[in-house]
Amino acid sequence: MPHEVKFAVVCSSNMNRSMEAHSFLQKKGFNISSYGTGEKIKIPGKSEKEPNQYPFGTSYDEIYQDLKTKDKGLYTKNGMLHIMERNRRIKRGPEKFQETKNKYEVILTVEEKVYDQVLADFNEKGNQVEEPVHVINMNVVDNPEDATIGAFLLCDLASLLSISDDLDNDIDEIIQEFESKSQREILHSVLFY
C-alpha cells in the first residue's frame, strides 16, 4: 500500500512558481511545503532593472503592504497583489530552502539553476543519516500563467510518484512516462540526508 509522500517544491524566491504549486498540491491533499533558494526575494518592480527585493524572513503581509503603498495600481495590474493574497493564505512568508531542517522524500524544482542550488546544498551538508531524497526538476517559466500550467503538471507527476509501492525502484519508469506524456524534459538525482 502506498504511503503519503512528503514533497517540497522549490523556486528562487518562494513567491510565484513554488507557491502556485504549493497551493494547488495542498488543495489536492498532498503533504507539501515550499521554499526559495535565492539570496533575496525578488519580484517585479517598476521596471526589469528595478525589481523589488526583500530579505528572506519578510512576511507576505509586509510585502503586500509595501507594494500597495508603492503603487497599488501597478501591482494590482501586474498581479503581484493577487499573488501576495494567495501566498499569505498558505503560510506566513517565503522560506529559504538552505535553512530548513525538514526532510522530504521528493523535492520538485522548477528551474535548472534552482535544481543546481538544491544539489549544492546537499553536497555542502553531506550525507548524515543516509535517508534518500529524489530531487526532480521541470523547468517552468516565471510568470503567473506558466506557473499555473506548471502546478498542474507537477500535480500529475506527484500523483504518479504517490501511487508507487516502491518509489526508489519505480521512479525512473515514472519519470520516463511523465516526460513522454507532458513533453517536458526532467532532471533527476538521488541524494541523501
Side-chain angles (χ1 to χ4, degrees), residues 1-38 83 86-87 90-91 94-95 97-98 100 102-193:
M1 186 75 186
H3 74 286
E4 184 179 63
V5 177
K6 238 182 129 178
F7 289 96
V9 62
V10 187
C11 68
S12 186
S13 292
N14 197 199
M15 198 53 71
N16 179 34
R17 297 167 292 176
S18 63
M19 287 303 291
E20 181 68 25
H22 185 155
S23 174
F24 192 72
L25 271 74
Q26 188 172 333
K27 286 176 187 165
K28 296 290 184 182
F30 288 94
N31 181 346
I32 183 83
S33 299
S34 61
Y35 299 94
T37 57
I83 286 171
R86 174 204 61 207
N87 293 355
I90 297 167
K91 63 183 193 175
E95 297 174 80
F97 177 78
Q98 294 89 331
T100 187
N102 296 333
K103 292 188 172 97
Y104 300 94
E105 289 158 276
V106 177
I107 298 171
L108 304 167
T109 63
V110 295
E111 179 181 336
E112 195 166 342
K113 177 183 171 190
V114 172
Y115 176 79
D116 290 341
Q117 289 169 324
V118 169
L119 298 184
D121 184 60
F122 273 89
N123 287 336
E124 192 177 295
K125 291 177 180 170
N127 301 346
Q128 296 172 1
V129 291
E130 297 297 318
E131 291 176 26
V133 57
H134 295 277
V135 182
I136 300 170
N137 184 72
M138 181 188 79
N139 287 330
V140 177
V141 176
D142 194 2
N143 66 52
E145 297 78 24
D146 284 300
T148 300
I149 293 164
F152 279 100
L153 289 171
L154 290 171
C155 186
D156 287 348
L157 179 57
S159 295
L160 293 170
L161 297 169
S162 293
I163 59 173
S164 170
D165 288 321
D166 188 351
L167 187 57
D168 294 334
N169 281 330
D170 296 344
I171 194 157
D172 290 334
E173 192 176 308
I174 291 169
I175 288 173
Q176 281 184 331
E177 178 187 326
F178 178 78
E179 278 183 315
S180 173
K181 185 177 133 188
S182 68
Q183 298 296 302
R184 297 278 184 126
E185 183 181 339
I186 302 297
L187 299 174
H188 170 244
S189 293
V190 180
L191 303 172
F192 294 89
Y193 281 103

Close side-chain approach of E111 and C11, heavy atoms under 4.5 Å: no
Point-to-point distance, once rounded to the nearest 0.5 Å, from CG of D156 to OG of S182: 8.5 Å
ring-ring contact (aromatic ring centres under 6.0 Å, His included) partners of residues 123-156, not counting sequence neighbours, each pair once: F24-F152, H134-H188
From CG (N87) to CG (N16), nearest 0.5 Å: 8.0 Å
Validation row: V106, L167 side chains within 4.5 angstrom (heavy atoms): yes
Any S18 side-chain heavy atom under 4.5 Å of V10 side chain: no
Close side-chain approach of M138 and L108, heavy atoms under 4.5 Å: no
Listed partners of K125 passing salt bridge (Lys or Arg N to Asp or Glu O under 4.0 Å), at least two apart: D121
Check: P144 main-chain N/O paired with T148 side-chain donor or acceptor under 3.5 Å: yes
Residue list, ring-ring contact (aromatic ring centres under 6.0 Å, His included) with F178, at least two apart or on another chain: none
K91: partners by salt bridge (Lys or Arg N to Asp or Glu O under 4.0 Å), with sequence neighbours left out: E95
Candidate pair L154 and V9, rule side chain to side chain contact (heavy atoms under 4.5 Å, CB included), full reasoning: CA-CA 9 Å; L154 290 171; V9 62; 4.1 Å; yes
Minimal non-hydrogen separation, G150 against V140, with atom names: CA-CG2, 4.0 Å
Partners passing ring-ring contact (aromatic ring centres under 6.0 Å, His included) against F7 (at least two apart in sequence or in another chain): F30
All side-chain contact (heavy atoms from CB on, under 4.5 Å) counterparts of Q176, not counting sequence neighbours: none
Qualifying salt bridge (Lys or Arg N to Asp or Glu O under 4.0 Å) pairs, either residue in residues 183-193, two or more places apart: none
Any residue meeting side chain to side chain donor-acceptor pair (under 3.5 Å) with Y35, in chain and number order, not counting sequence neighbours: T100, N102, Y104
Working for side chain to side chain contact (heavy atoms under 4.5 Å, CB included), residues F122 and V133: CA-CA 10 Å; F122 273 89; V133 57; 3.7 Å; yes
N137 (side chain) donor-acceptor with I186 (main chain) under 3.5 angstrom: no
Non-neighbouring partners of E130 that pass side-chain contact (heavy atoms from CB on, under 4.5 Å), sequence neighbours left out: N127, F192
Rounded distance (nearest 0.5 Å) linking atom CD of E124 with atom CD of Q117: 12.0 Å
Shortest non-hydrogen contact from L25 toward A151: CD1-O, 4.0 Å
Spacing of I136 atom CD1 and I171 atom CD1 [to the nearest 0.5 Å]: 4.0 Å
Residue pair S164 / I174: nearest heavy atoms and the distance that separates them: CB-CD1, 4.0 Å
Close side-chain approach of V129 to K103, heavy-atom, < 4.5 Å: yes
Minimal non-hydrogen separation, V5 against S162, with atom names: CG2-CA, 4.0 Å
Pairwise distance CG(D116) to OG1(T109) - rounded to 0.5 angstrom: 8.5 Å
Any pair counted as salt bridge (Lys or Arg N to Asp or Glu O under 4.0 Å), so long as it reaches residues 140-152, sequence neighbours left out: R17-D142
Pairs involving residues 167-183, ordered by first then second residue, that meet salt bridge (Lys or Arg N to Asp or Glu O under 4.0 Å) (sequence neighbours left out): none
Closest non-hydrogen atom pair, G36 against N14: N-CB, 3.5 Å
Heavy-atom pair with the smallest gap, counting every atom of S34 and M19: OG-SD, 3.2 Å
Nearest-0.5 Å distance that lies between atom CG in N31 and atom CD in Q26: 9.5 Å
